[in-house]
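Since the structure is predicted, the reported quantities are computational estimates derived from the model, not experimental observations.
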2 protein chains.
Amino acid sequence: MLPRGRPRALGAAALLLLLLLIGFLLFRGDLDCERTEREASGGGAGPGSLPRSLTPRVPPDERPRPRGTAAFDGDPPADPGGRNGSDCTPPRPRPPKCELLQVAIVCAGHNSSRDVITLVKSMLFYRKNPLHLHLVTDAVARNILETLFHTWMVPAVRISFYNADELKPQVSWIPNKHYSGLYGLMKLVLPSALPPDLARVIVLDTDVTFASNIAELWALFAHFSDKQVIGLVENQSDWYLGNLWRNHRPWPALGRGFNTGVILLRLDRLRQAGWEQMWKLTATRELLTLPATSLADQDIFNAIIKEHPWLVRPLPCVWNVQLSDHTLAERCYSEASDLKVIHWNSPKKLRVKNKHVESFRNLYLTFLEYDGNLLRRELFGCPCPPPPGAEQLQRALAQLDEEDACFEFRRQQLTVHRVHITFLPHKPPPPQPHDVTLVAQLSMDRLQMLEALCRHWPGPMSLALYLTDAEAQQFLRFVETSVVLSGRQDVAYHVVYREGPLYPINQLRNVALAQALTPYVFLSDIDFLPAYSLYDYLRASIKQLELGSGRKAALVVPAFETLHYRFSFPSSKAELLALLDAGSLHTFRYHEWPRGHAPTDYARWREAQAPYHVQWAADYEPYVVVPRDCPRYDPRFVGFGWNKVAHVVELDAQEYELLVLPEAFVIHLPHAPSLDISRFRSSPTYRDCLQALKDEFHQDLSRHYGAAALKYLTALQQPRGPT
Amino acid sequence: MLPRGRPRALGAAALLLLLLLIGFLLFRGDLDCERTEREASGGGAGPGSLPRSLTPRVPPDERPRPRGTAAFDGDPPADPGGRNGSDCTPPRPRPPKCELLQVAIVCAGHNSSRDVITLVKSMLFYRKNPLHLHLVTDAVARNILETLFHTWMVPAVRISFYNADELKPQVSWIPNKHYSGLYGLMKLVLPSALPPDLARVIVLDTDVTFASNIAELWALFAHFSDKQVIGLVENQSDWYLGNLWRNHRPWPALGRGFNTGVILLRLDRLRQAGWEQMWKLTATRELLTLPATSLADQDIFNAIIKEHPWLVRPLPCVWNVQLSDHTLAERCYSEASDLKVIHWNSPKKLRVKNKHVESFRNLYLTFLEYDGNLLRRELFGCPCPPPPGAEQLQRALAQLDEEDACFEFRRQQLTVHRVHITFLPHKPPPPQPHDVTLVAQLSMDRLQMLEALCRHWPGPMSLALYLTDAEAQQFLRFVETSVVLSGRQDVAYHVVYREGPLYPINQLRNVALAQALTPYVFLSDIDFLPAYSLYDYLRASIKQLELGSGRKAALVVPAFETLHYRFSFPSSKAELLALLDAGSLHTFRYHEWPRGHAPTDYARWREAQAPYHVQWAADYEPYVVVPRDCPRYDPRFVGFGWNKVAHVVELDAQEYELLVLPEAFVIHLPHAPSLDISRFRSSPTYRDCLQALKDEFHQDLSRHYGAAALKYLTALQQPRGPT
């Protein structure tokens, strides 16, 4: 049968392929989200009409206005082609519904990554079209933004990354004094760096904010004459006039020059016009007499435009309202009824001083603090492929029963939180074989723990913070105003954005754990302060116990608690024991929940001189040091209860030794009970749902470990203390 | 000199007046914000062209489409006047820059007031024009919204209130089954209720959300023909087709009928057409055969339109996208590229189920959680009179020195916080001569105290909550899901919106104090739980001590503290003393700051059987019961420190007796130190600034009370404990 069947199967496959192809050609209109700009570039003015010659012969009527105050108006200039002579205004152009818009941004480092996210939020807020973002990034920004967009799951947004480091050699020969550094210059190489079939792109600086639909900007491509290749807004300062101070010698520019914070690029025409050669020639020539660029790419763009003025399409000023200390932008925005894009192009950024800055700042803060989750909304009537993972998620959510008493728990478990890793500048620790990272998670109400924690733990930390977008900004200010915190570069803060009513404690722990970069991790909680010596002691213990040689062990750090706000932290085990005897300290949760730490055997610890083994028992939840590749926390446990217990069960099931360290300790500081613990105590449903999660956890455990997991179930059935 | 000088002075005054008048007439164009619609109504089609007759003779070409699926399009219909015959589209109309737009909203009760604020936020977010809001409100909504707008200080927004209760008799005769009740019907009486010179108004339901600039909606007035007076969007359900169930008998309507969630009203024409008579006639006639309105005003509007179809101007569907369970709105929004207004017209509101509700909800949540402070931005190029108090505030802010180390403190003191009083439904307590309200303030991190507080204090409470807009929603959900909290209607929650880095503790206390409605107040703090008997005991003590007869006294409630999370609250003074002796309880801040409560004389309190007098001493800060008209807290104290101390100094300076109550007590529960106390402890600048505030307080005290205030300064100079 088989030999005869094969040709027929091949024929059928070919037919199917053909049908698919025909289907694709017939219905490509529906696939706009995926359509590249190839078609768009083919239409209209053909490539033949491009100025291949570099001779600067400009027809007088196409020369841009040299000091164009007339460009300071709110509406797009009249159609340059002069399609008809009647006095009726052509309708405001908009690209076709669902057309894919292309945007390129150069971004490097932690701070610029935060800026880009605010820019993208403003763009997404007003957009009605699918977008394709082309991000030219260094390794740091790529790591951040890749995680962010992956977890953001915004419909109808495609992201492509380009390696900025590979592009560096193309611009690193240009001496540059601008604060944007080499990255500022990279806009020059976009025509060759972006895909060759990409015909048009909007290029944005990271410090712009949208106040309108980007489609209106895209529509301005339609105003380009056959020869125009670069759309730019005039500079709103007198910089290029060269009269700001004595001996001020700016690069050559047409009149006031143009600002490159917002650029419309006809990539197709630029490539055909030999752009690369053009800008390199111009830059080389100018650098014969000028020492360096002052404003990075902008100087070079302006020098080229001065030489080839027909290349530029001036754009209405509202598309790049430039805010600096002595900006002339007021001429633009006081006449326009709409502001389209704001450009924070002063090195002072939001701290710039000008008459109306407060109002502009409000617009910026709107998006800085805007809940990015709300941008996950669909574009109605634009069929787009869903973001990766979104369909699976939708299916899982659809299967939930809204009437289930534990619906909230089940939905919270499925929630994909937006994650912004290394929210603040961070230097990875140098690789050391026994180094250990403190891992913990927190929300706003524990910020005040951070300074003390930094004083007690001089080593690397990986902390997940559960915040809203607005809280993330409060957190940023908190770190900036703290001498202790801003002095530390080895603490990585990962923001997990809030969504849903229950605290996703184990998802947070997993984010912090995944971002730890040392071979070992100390899995702690934010309310605990480690002994001052703990970091050194742990590294020494790891080395001494030869954990590096594949030994599977969890080192237990005994936990204590104080009930006083103010409290003199013991500097040694001896001092700690004295406080314990005096009743100023207790073993952790001695009064409320002794089972959680009883197996640590505090009596033995008092006397111990060397690490000792302990056995797992039900409800044991010690703080432990483990290799970074340890099991992850079970994300089903959300809210209060059993989240650490389940992890320790998993360690025991995977046969980790439990070794208590004789000189290690952490002390818990007092705080008010969390909202989740209050709900646990007051709501029987909450307790029932936690029980359901526990049962399901045990079922999964039996499935994984078979008979070996029996002991956990048996242990559960023994008489127990309070839950 | 005088008699001769006066006529000259009068002449000069008359000349000045004349010049001012000329100036006003010449420059009225600049005063658009104040211009009423009088001029607008005079222009264009004169009143003479209005249909005064009620005879239903409809020219066939002006009859609205009966089942208008063609109205389901995104763009405004072509100009009906047909100004020119060319095929060029007329530009999308917009009202002139800075034209004042008029909006009317009917609003009653606590919940609708919250809705209106979200609606207004969405409107303000996109608007570019000055607005005049005409709010028809009951007493509750007026109280809330007046305070809110007064403290919001949005530039270029005028508010007028109209008393809904006075309008009730005009509609109360109509039997109505709709959930909006009588208030739903009030839209019918707007032509007579609004000022007679108001010619046009946009009328909005409280459950709509803007997704675009309201000026575009206003511009649709320009499309009205001479006879059209009401602009409406077609109903996006089959309700009026009358086939939803057997014996379903809706009111008469043209085809699918129109929805009245968004209305453009030509008030001038309606008044001239005898609107009042018209709708009353129609309603009376229909009510002969129909038992009641099902959809309030909408039924009557539709009946009138059925009778006089030329009155209606159908609007594009995007201006009222109606979301109900079986909405037909998808036809509208899947074709349109823009949604303009979303209408949550299902009784289920946000919990409505339809395919795309998640996306619409995101837009709604955007404004629900949007920081309203950010809407305080100016309209560039529209000179408008500043909101009341804004100029004074600007002057005060301008006088601050940004280089001053205490700049943050000084700016925080001047901040005008937006205040939303009685955020949740609230029933004022019945007037009783000795009743007492518990007054306190809190932020999110103390929400979990509320349930316990409700259990301990069965009387009225007035609580100020310092929240962001987003947190206010979390708080709302918290109360809704708590059986204890949602069962109480005598707890008034006043939201003070966050702004600035320092906790404005005394401003919060003053808001809560000002809203207390009983003759006495118990000035407490949120971390304290009162003795179960305290509410009854205080009322009895007030009566017994005859405070009502003008005796100026502050009754001291002794304060204790526990350091344990879980703790069995003493049911009597005897039990409390036993716990104190056992070391489970302490007098408040015994370890850290005994001076704060030492004058209460705990030793004497142990034995006391009757109230006893105590003397003021430096740093005394007891919790007291005082008449509601007591001195306000000094708002200069922001952040941590001295905020209560200053208030007690003020009480003493005003010669309040200090009387300790022998059976009263409150107990402080443990919590982590606040961010402010942490900053106080770690920052010398913070402590210096607090010292500067104290010094200024004492200077003001001397100015007010002269030599009598000397004792407070002297007391300060005595040796002191830790600050």
Between the CZ atom in A:F360 and the CZ atom in B:F380, the distance rounded to the nearest 0.5 Å is 4.0 Å

Give, as side chain, backbone, both or neither, the part of A:L363 having an atom under 4.5 angstrom from any heavy atom of chain B. both

Is the CZ atom of A:R411 crowded by more than 12 outside heavy atoms at less than 6.0 Å? no

Residue among B:D371, B:L447, B:V484, B:N362 with most heavy-atom pairs under 4.5 Å to chain A: B:N362

Under 4.5 Å, heavy atom to heavy atom, which residues of residues 467-476 of chain B contact chain A? B:E471, B:Q474

Taking atom OG1 of A:T481 and atom CD of B:E408, what is their separation to the nearest 0.5 Å? 8.0 Å

Taking only residues two or more places apart in sequence or in another chain, which ones pass side-chain hydrogen bond (donor to acceptor under 3.5 Å, both in side chains) with B:S212? none

Name the region of A:E358, side chain, backbone, both or neither, that has any atom closer than 4.5 Å to a heavy atom of chain B. neither

Pick one of side chain, backbone, both or neither for A:N373, based on which atoms fall under 4.5 Å of a heavy atom in chain B. backbone

Go through the steps to decide whether B:R377 and A:T366 satisfy the test side-chain contact (heavy atoms from CB on, under 4.5 Å), and finish with yes or no. CA-CA 11 Å; B:R377 49 182 194 235; A:T366 291; 4.3 Å; yes

Among A:S359, A:G381, A:A452, A:S683, residue most engaged with chain B (heavy-atom pairs, under 4.5 Å): A:S359

Chain B shares the most heavy-atom pairs under 4.5 Å, among A:D445, A:V483, A:L374, A:L375, with A:L374

Parallel under 30°, tilted from 30 to 60°, perpendicular over 60°: which one fits the rings of B:F125 and A:F367? perpendicular

